[in-house]
Asks: 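One structure, pasted below without further comment.
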Amino acid sequence: MAIKRWILFSFLSGVAAFAAAYPEADKQGAVYKGLQDVHTIADMQGINPQDTTVRWEIGDNNLVEWLLAPWNEQKVNEALAAYKKEYGSITQTASKVVNGAISHNFDASGHLITDDEQQQLLNLIEQTEYLQGFHPKARAITIVDTDAQFFPSDVFFTNNLAQGSNVAANQKSSSTLILRNTPVFVLGQLMTVDSSGLEPAEDSWVALWRPEFGLKFTKARHIAFVDESLVSDFPVSSQEQEADNRLRLTVTSRVRTQDINRQLPLGTPVYSLSGRYFFAERSHQAPVPHHIESTSLQLYSAQLSPLELSVDPAGIVENQVKKVPLPLNYLNYLNQLSNTLLKFPSEYVAPEHNENRYFAFGEGTIGPDGERGMDASTFALKLIQPFGKWLPRYSVQQVEEGIKTRLISTTQNASLEENYQAMLNNCEVGNFVSVGHGNNMTCLGSITLDQLGQLSDEAYTDALTTGGMTEQDRIPLLALSAVGLTNIEDVIINKPAGTIEIPSTGETLPLYLESKESMTVWYITGKAAVYPVFKSGYLSSYIRDGRSLMFYSYFRPLSETSYIPPAMKSKL
């Protein structure tokens, strides 16, 4: 292997001068398949991937409280007061947010929103009454995974994805995926147009508030009211509960409810009560109109229903529904990093049998593979979440949170070589790096050029021909969601297909069938993956001249003075 590598190195070094420094095709989102085993990467740096010694701690374990924040009277009233101070009222807030979000924007198929369409929506919003303060009767919970948007629409709205400078941050106004079992606070309801077959409790749009995304709208059929009798069934504080009665989070799993299998997204809250698992569902009762102060709402009520967990092949429930928070050791951190990058838990699926996760439209439920997406900030959120820390939704706020927690080092408008050295010195396993206030990326340390070749011949070749790397260099490694752009012709959508009646409860639920339609749709289509950092070419953008880097961690080593990461020991 060493001889083969030396021959290849000698040959490529001779032709590197003739290679294009920057290829015509933007390969920023290309994934090196052999470079995705984070456990092997750690092992190459002297880290035992099975090490269960607790290495770090999180100062603010806020996961449960943050998930339930919309039911916190103080937090709701603080948010509503901020809206009132800036905009004058919730109605004006909604109008201005919607007006800004759709102005000169497009839907997913590339249709430019017309002035008439924009005005029609604004007229609906201005006719809606909103709650002006916290009220317990406005508590609700999502009963399915739902896309929340700044404005009510059955299709995504977005910036012009055809622009060359497009970045993932542009998609934040399109949608945010709210996982089922997530508490929300209902502000108001856009009643449906009076038309045959449309019902307010099903087809209207409801204005919601959550602290990580503020004011957004979603379909009424996706949420349900939570009354006083049900509040006590939900976990409020992990410290006050017995071991088996607590919130858990999914790594990846399938649930079987009412004879229907559903795939759960990464990090879905699941309630474990006395050894059984429960999800929030609609009650069997008909929707009842609620008049809360001046606001009229018509929604279904929620109830907790037991569910059967059926696991992925060769897996066990314990590997897929985790108690939180997880201890911060190398075993858990590397497993969670692998789970976030890939589709199945690393405990039973080898990297060669796994597949990296796509992302599209922030974290929307439509993606190029028909599955949910994951952009850069969602990637960081999902990685940190099981350890007890619920991060803000946006990259810039996540960076500020990390700096507040533990700022390690910075560079200011540095040269390429200075940024490269800073990456080698500070980007260890457990740390993060941000390019300015934008993308935040997970650090995986660095490996030698020869080790890079052991993992991927393609990455080794690119390191020499376009990357400007030599045998003396170490290769920094980052885990993130890169940005790419493509047009998809065959789109998988869920089309209404009648209803089904549940004999035991008499409840009628809508049915949907997957349908593939041929249409041009714009997508942001990167993959969450491990990427090397080169000195030139398309993988040098993280350290190029003039960049300012910030290195930070959401974790604090248990002993700041005595603990030295294995990769740093090798450099001493």
Side-chain angles (χ1 to χ4, degrees), residues 21-23 25-32 35-36 38 41 45 164-169 337 340-341 356 359 374-380 383 395-396 398-399 402-403 407-449 452 455-456 459 462-470 473-485 524 526-553 567:
Y22 204 100
D26 179 11
K27 292 177 62 179
Q28 185 76 28
V31 175
Y32 296 110
L35 207 59
Q36 306 310 311
V38 299
I41 290 171
Q45 300 174 75
S165 60
N166 187 31
V167 295
L337 178 56
T340 310
L341 288 167
N356 294 86
F359 74 94
M374 184 182 300
D375 68 355
S377 57
T378 304
F379 176 79
L383 174 60
S395 292
V396 61
Q398 291 181 352
V399 173
I403 290 174
L407 179 62
I408 297 169
S409 181
T410 61
T411 66
Q412 295 295 326
N413 302 319
S415 68
L416 182 148
E417 187 61 35
E418 289 172 332
N419 279 334
Y420 172 73
Q421 288 299 325
M423 193 77 76
L424 291 178
N425 294 336
N426 301 295
C427 213
E428 303 292 340
V429 173
N431 292 348
F432 294 77
V433 60
S434 173
V435 179
H437 274 310
N439 256 351
N440 45 356
M441 300 163 282
T442 307
C443 296
L444 280 173
S446 62
I447 57 178
T448 66
L449 185 63
L452 182 71
L455 297 173
S456 170
D462 286 350
L464 295 177
T465 57
T466 62
M469 310 306 293
T470 70
D473 292 323
R474 293 184 69 86
I475 315 294
L477 300 174
L478 301 173
L480 72 151
S481 293
V483 175
L485 174 64
I524 295 297
K527 282 188 175 182
V530 176
Y531 296 93
V533 178
F534 296 154
K535 291 184 179 179
S536 61
Y538 47 86
L539 290 173
S540 68
S541 60
Y542 312 119
I543 59 170
R544 67 173 181 237
D545 284 338
R547 286 286 198 196
S548 296
L549 305 181
M550 290 177 285
F551 300 90
Y552 60 92
S553 179

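Along the sequence shown, residues are numbered consecutively beginning with 1. Computed from a predicted structure; not experimentally measured.
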Asks: Taking atom CG of Asp473 and atom CG of Leu452, what is their separation to the nearest 0.5 Å?
Replies: 11.5 Å
Asks: Identify the residue among Leu477, Val31, Leu35 that makes a side-chain contact (heavy atoms from CB on, under 4.5 Å) with Tyr531.
Replies: Val31
Asks: Using modelled atom types only, decide if a donor and an acceptor are shared between the side chain of Gln45 and the backbone of Ser446 within a distance under 3.5 Å.
Replies: yes
Asks: Do Tyr420 and Ser540 come within less than 4.5 Å of each other through their side chains, counting heavy atoms only?
Replies: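 Side chain of Tyr420 against side chain of Ser540, heavy atoms only: no contact under 4.5 Å found.
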Asks: So, for Asn356 and Ala528, which heavy atoms are closest and what is the spacing to 0.1 Å?
Replies: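 The pair with the smallest heavy-atom distance is ND2-O, 3.0 Å.
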Asks: Show the nearest heavy-atom pair for residues Met469 and Lys535, with the distance to one decimal.
Replies: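 Closest approach of Met469 to Lys535: SD-N, 3.4 Å.
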Asks: What are the two closest non-hydrogen atoms of Ser377 and Gln398, and how far apart are they?
Replies: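 Between these two residues, the closest heavy atoms are O-NE2, 2.9 Å.
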Asks: Got a donor-acceptor contact below 3.5 angstrom from the Asp545 side chain to the Leu416 backbone?
Replies: yes
Asks: On the 0 to 90° scale, with breaks at 30° and 60°, tag the Phe534-Tyr32 ring pair as parallel, tilted or perpendicular.
Replies: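 Ring orientation, 0 to 90° scale: tilted.
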Asks: For the side chain of Thr411 and the backbone of Leu549, is there at least one donor-acceptor N/O pair under 3.5 Å apart?
Replies: yes
Asks: Given 3.5 Å as the limit, does a donor-acceptor pair link the side chain of Thr466 with the main chain of Gly537, or not?
Replies: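 A pair under 3.5 Å: no.
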Asks: Just how far is it from atom CZ of Phe379 to atom CG of Leu383, taken to the nearest 0.5 Å?
Replies: 5.5 Å
Asks: Is the side chain of Asn440 donor-acceptor paired with the backbone N or O of Ser434 at a distance under 3.5 Å, no angle test?
Replies: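 Not a single qualifying donor-acceptor pair exists.
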Asks: Ignoring hydrogens and angles, tell me if any N or O in the side chain of Glu428 forms a donor-acceptor pair with the backbone of Cys443 under 3.5 Å.
Replies: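 A pair under 3.5 Å: no.
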Asks: Is any side-chain heavy atom of Val429 closer than 4.5 Å to one of Ile41?
Replies: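 Answer no - side chains too far apart.
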Asks: With heavy-atom distances below 4.5 Å as the criterion, would you say the side chains of Leu444 and Leu337 are in contact?
Replies: yes
Asks: Dump the intermediate steps for side-chain contact (heavy atoms from CB on, under 4.5 Å) on Tyr542 and Val433, then the final yes or no.
Replies: CA-CA 9 Å; Tyr542 312 119; Val433 60; over 6 Å; no
Asks: Can you tell me which residue among Met423, Gln421, Glu418 is in a side-chain contact (heavy atoms from CB on, under 4.5 Å) with Ile543?
Replies: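 The passing option is Met423.
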Asks: Which value, rounded to the nearest 0.5 Å, describes the distance between Asn426 atom CG and Thr410 atom OG1?
Replies: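 Those atoms lie 9.5 Å apart.
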Asks: Using modelled atom types and a 3.5 Å cut-off, is there a donor and acceptor pairing between side-chain atoms of Thr442 and backbone atoms of Phe432?
Replies: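 Not confirmed, Thr442 side chain does not pair with Phe432 backbone.
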Asks: First locate atom CE of Met550, then atom CD of Gln412, and finally report the distance between them rounded to the nearest 0.5 Å.
Replies: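 Going from CE on Met550 over to CD on Gln412, the span is 8.5 Å.
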Asks: Do Arg544 side-chain atoms and Asn419 backbone N/O form a donor-acceptor pair below 3.5 Å?
Replies: no
Asks: Quick check: does any side chain N or O of Asn431 sit under 3.5 Å from a backbone N or O of Phe551, one acting as donor and the other as acceptor?
Replies: no
